[in-house]
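The structure appears right after this line, and notes come after that.
Chain letters run A, B, ... following the sequence lines, proteins first and then strands; every chain starts at 1. Just so you know, these numbers use all the heavy atoms, side chains as well, and skip hydrogens, waters and symmetry mates.
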Amino acid sequence: MQIYLPIADMPVNIFLVLGMGLAVGYISGMFGIGGGFLMTPLLIFIGVSPAVAVASVASHIAASSFTGAITYWNRRALDIALALMLLGAGIIGTATGVWLFTTLRALDQLDLMIGLSYVTLLTIVGGLMIYESVRAVMRARQGRPATIRRPGSHTWLHGLPFKVRFKRSKIYVSAIPVWAIGFTIGFVGAIMGIGGGFLLVPMLIYFLRVPTATVIGTSMVLTLVTMASATVMHAVTNHLVDAVLALILMVGGVVGAQFGARTGQRMRGEWLRLLLGLLVFAVGLRFAFELVVQPDDLYSIRYVRGE
Amino acid sequence: MMRRTALILLAVILACGAEPAVAERLVVSLSNQRVAINSNFVGEELVLFGTIEPDAGKTPLRSAYDLVVTVTGPRQTLRTRRKQRVLGIWVNVDSREFVRVPSYLAVLSNRPVAQIAPRDTLRRLQIGLDNFLLPQRIGPDIADTVRDEPFRLAFVRLQVRQGFYREITAAVTFLTPTVFRTAIPLPADVPTGKYGFDVKLFAEGAMVARTNSALEVTKAGIEQYVADAARDHGFLYGLVTMLMALLTGWIASVVFKRD
């Protein structure tokens, strides 16, 4: 069944898009991420223009992270104070990202920028995750605990001023890295159409030593608010949010996420991280391939303005 | 009454000496006056019918006619970009702006346009994709280039591949020597706006009659509502989309609640 998308200006098969929403939702529920880094490329692949894809996926991620956040809220597994501070920075990051998005689009370099950010970010993060989780799996094989607890380990980040105590997470850290992380996630999210959950979770664990109990819930709150504000900002500045596309995606997404979460809870943490690492790395490679291999047609057309 | 008006017009034209005596008249009719894009729009085929009538019964009708229908969609400014390898990756390095060119352009004829009239006639009347004026911004000037200029070739090629530009040489069929019919394909992602139909009749390599028609392609129903809202009320539209996301997320968490 075909349905015409009013902003993307093209008809799509409603079941195909619903299926994409389900599949990405399943993965996002399984790993506790938004899944934007998979959904945006998929939409571009079926012919939606990159700009519309990035702008519309934001609301899809907002929906699935809201479902997740409610679940974690009920379990008291999120740190509101930490989330709020990350948010303050995240919104500034998102605004900067939306501004850069608009500027690059005018300069014909948006596609390149999106491609390059995907390649660098995904291959690096994916590679690190694979490395870390393979080591964890090896340790588990040798009968040692999969994760080494280093309660007293402090990095230079802990020496920075403006220290704040986050009670629920039981950490006492400088506000500077918290703001930097929030800004980065908001910025990257707006440009790449991703929630940044797969970036935020490792950052919070490795840089701020946030315990696993609160990290995913907190990340979901942050993803929710940055993506919700990105939706509004993209709608105001670029008029490119396709509400019909977003609705089909989010319906598939939230249903898929529920089933994914059940699968995820049955898997061991290090195997889950390895799988996610491989997935992230593969998507990164796919983008690298596209940038390096000669395109079928060297020419492309971009719409500038109508009458 | 009509005939008298036509006669007067003819007399005026003759008096001015601007055009040779018009011997034929074209009467055309489109299958629709309006194309509505609603949620199940997957493209449409328009049909244009027409007859060739002797004007004021002066000249007997000729035996062989050629007909060219040029359909132009709303004007758009588009940028054609060229990629080149820079430091190992493919980057847009050069671009050319095509200023106010038709978003949709179909040239439909009963046989290849090159056989219908001499090249300079085709050029002057802008018949065929090769001869249609596609102005580019080159420095401070706006001008069309030679037809085998790389950017122009690429632009036409890409538009043809997308189904926005087309030249169909056997699209016009003569049902009788004076009654013709042609089908105009509109792809699913056609731009909205006013479409003009320019119908030109040729005999022995010269244009003998010409007429125009038009129709409007508009979004209808929910498609129009959403598109208008996104354009005119960006903030409200964004807010509603965001609330829709929250509602969907909330409903899912209620439906799937399990403890």
*Checking B:P187 against chain A: side chain, backbone, both or neither under 4.5 Å from a heavy atom?*
neither
_Toward chain B, the part of A:L224 with a non-hydrogen atom under 4.5 Å_ = side chain
*Tell me, side chain or backbone of B:Q224 under 4.5 Å from chain A's heavy atoms, or both, or neither?*
neither
*Would you please indicate if the ring centroids of A:Y299 and B:F155 are separated by under 6.0 Å?*
no
*Tell me, for B:L236 versus chain A, whether the close heavy atoms (under 4.5 Å) come from the side chain, the backbone, both or neither.*
neither
*Mind checking the CG-CZ spacing from A:L240 to B:R231? Nearest 0.5 Å is all I need.*
13.0 Å
*Below 4.5 Å from any heavy atom of chain B, which atoms of A:F289 appear? Answer side chain, backbone, both or neither.*
neither
*To the nearest 0.5 Å, what is the distance between CE (A:M10) and CZ (B:F41)?*
13.5 Å
_What part of B:D94 gets within 4.5 angstrom of chain A, counting heavy atoms only: side chain, backbone, both, or neither?_
neither
*With only heavy atoms counted, which part of B:Y225 is less than 4.5 Å from chain A, the side chain, the backbone, both or neither?*
neither
*By a 4.5 Å heavy-atom criterion (distance strictly below it), what part of A:I301 contacts chain B: side chain, backbone, both, or neither?*
both
*Could you check B:R82, B:K83, B:R157 and say which one makes a salt bridge (Lys or Arg N to Asp or Glu O under 4.0 Å) with A:D297?*
B:R157
